[in-house]
Amino acid sequence: MSRVRILPDPDHMPALDPSFAVRRPATGLGDDQPPPRILLLYGSLRERSFSRLAVEEAARLLRFFGAEPRIFDPSDLPLPDQYPGDDHPAVHELRALSIWSEGHVWCSPERHGAVSGIMKAQIDHLPLEMRGMRPTQGRTLAVMQVSGGSQSFNAVNALRLLGRWMRMFTIPNQSSVAMAYKEFDKTGRMRSSAYYDRIVDVMEELVRITVLMRPHAAQLVDRFSERKAAGTPVHSEDHAAVAISR
């Protein structure tokens, strides 16, 4: 059973004015092929989850901008440490999707001034290191939140802190949708508004920065402490040493 959600109406974006949209926003910054791989996480299990609906709008935009989005469905994800060794199919799939990805989008509802438990559980299931692989390190990250009341930034600020802790490169732009129940129609589609336009901005920026970092991601997270722990000495032809000698 796959926990990657099927994106409804993937190419239908009624709130987007295509006359102002750049189809390949990373042109000139690097090679955008193969398409940037983006994992999207949302933080509510409600039938009408506004964080999920916002993530679906973000996924459509990512497709439009030439990326490959995948949305993880956390509906059967257990609590961290609920199973010995976190040995559960949903945990395995979430970790595999993060390893597959080059970037993430995290969208949480704000609950009691913070991220939801569903959102935090997904992040807590992503280890910094797993069998020599790092599911989050070096990935780009875009953060979003939805609120039932007036606009707030508590959840996105918390997500930024978590992204830094997970050694991710969080992009400068972010989205906070206030009174989200007013921003989506009965079919679950986001209405045209400044809030929608901000999500467009965020996804456009995420694609650009992911492509820009793509050829440098491994070098940017190359750490002395990890080389030392792994017993991997630096060779005399190391690129940094060569650059310094010049």
Side-chain angles (χ1 to χ4, degrees), residues 4-43 49-73 97-108 135-136 138-146 156 159-160 163 166 168-177 180 183-185 187-218 220:
V4 175
R5 290 187 62 89
I6 296 174
L7 181 63
D9 297 322
D11 300 315
H12 181 52
M13 292 173 287
L16 180 70
D17 186 340
S19 62
F20 298 101
V22 179
R23 292 301 299 260
R24 291 294 180 270
T27 298
L29 296 175
D31 189 357
D32 66 355
Q33 295 301 318
R37 303 181 301 276
I38 308 296
L39 172 63
L40 298 97
L41 306 180
Y42 60 93
S49 163
F50 294 114
S51 61
R52 174 177 57 78
L53 294 176
V55 151
E56 289 177 351
E57 295 292 355
R60 294 183 186 99
L61 290 163
L62 288 168
R63 280 174 49 88
F64 180 84
F65 291 137
E68 180 183 354
R70 295 185 184 178
I71 303 172
F72 177 73
D73 182 349
L97 285 167
S98 191
I99 290 170
W100 162 86
S101 73
E102 295 175 274
H104 285 204
V105 175
W106 295 349
C107 183
S108 177
T136 58
R139 273 77 174 173
T140 53
L141 171 64
V143 295
M144 302 166 53
Q145 76 169 71
V146 294
V156 287
L159 291 173
R160 284 186 178 278
M166 302 305 290
M168 305 175 80
F169 292 94
T170 308
I171 69 171
N173 217 335
Q174 63 186 24
S175 167
S176 174
V177 180
E183 299 302 320
F184 294 85
D185 64 22
T187 68
R189 299 309 305 268
M190 197 167 183
R191 297 184 171 92
S192 179
S193 69
Y195 291 130
Y196 179 82
D197 291 349
R198 175 57 67 90
I199 294 177
V200 179
D201 289 347
V202 174
M203 295 308 111
E204 188 177 57
E205 185 174 289
L206 178 64
V207 169
R208 284 194 177 113
I209 294 181
T210 303
V211 169
L212 183 65
M213 285 184 53
R214 174 180 268 177
H216 312 292
L220 288 171

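Just so it is clear, the model here is predicted, and its values are computed rather than measured. Quick note: numbers below take in every heavy atom, side chains included, and nothing from hydrogens, waters or symmetry partners.
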Take T140 and H104 through the side chain to side chain donor-acceptor pair (under 3.5 Å) test and state the conclusion after the steps. CA-CA 6 Å; T140 53; H104 285 204; over 6 Å; no
Working to the nearest 0.5 Å, report the span between OH of Y196 and CZ of F184. 10.5 Å
I71 versus Y42: any side-chain heavy-atom pair under 4.5 Å? yes
For a quick test of reading the model, state the closest non-hydrogen atom pair linking L53 to G188 and the distance between them. CD2-O, 3.5 Å
Would you call Y195 and S175 a side-chain contact if the rule is heavy atoms closer than 4.5 Å? no
For A217 and G138, work out which heavy atoms get closest and say how close. CB-O, 4.4 Å
Closest contact, heavy atoms only, L39 versus F72: CD1-CB, 4.1 Å
Give me the atom names and distance for the closest heavy-atom approach of R189 to E57. NE-OE2, 2.9 Å
From L206 atom CG to L62 atom CG, the distance as rounded to the nearest 0.5 Å: 6.0 Å
Can you check whether L7 reaches R63 side chain to side chain, under 4.5 Å on heavy atoms? yes
Provide the closest heavy-atom pair for S19 versus D17 in the form atom of the first, atom of the second, distance. OG-OD1, 2.6 Å
Counting only N and O atoms by type, is there a donor-acceptor contact under 3.5 Å from the side chain of R208 to the main-chain atoms of P25? yes
CD/Q145 to CH2/W106 distance, rounded to the nearest 0.5 angstrom? 14.5 Å
Validation row: R23, F64 side chains within 4.5 angstrom (heavy atoms): yes
Do M144 and M203 have side chains that get closer than 4.5 Å, going by heavy atoms? yes
Answer yes or no: does atom CZ of R214 have more than 12 heavy-atom neighbours from other residues, nucleotides or ligands under 6.0 Å? yes
Can you see whether R198 engages Q174 through a side-chain donor-acceptor pair at a distance of less than 3.5 angstrom? no
Candidate list V207, T210, L141, V202, test side chain to side chain contact (heavy atoms under 4.5 Å, CB included), partner I171, passing option: V202
Can you check whether R70 reaches L40 side chain to side chain, under 4.5 Å on heavy atoms? no
Would S108 and S51 count as having a side-chain donor-acceptor pair, cut-off 3.5 Å? no
Hey, are the side chains of E204 and V22 touching, using non-hydrogen atoms and a 4.5 Å cut-off? yes
Heavy-atom side-chain proximity of S101 to I38 below 4.5 angstrom: no
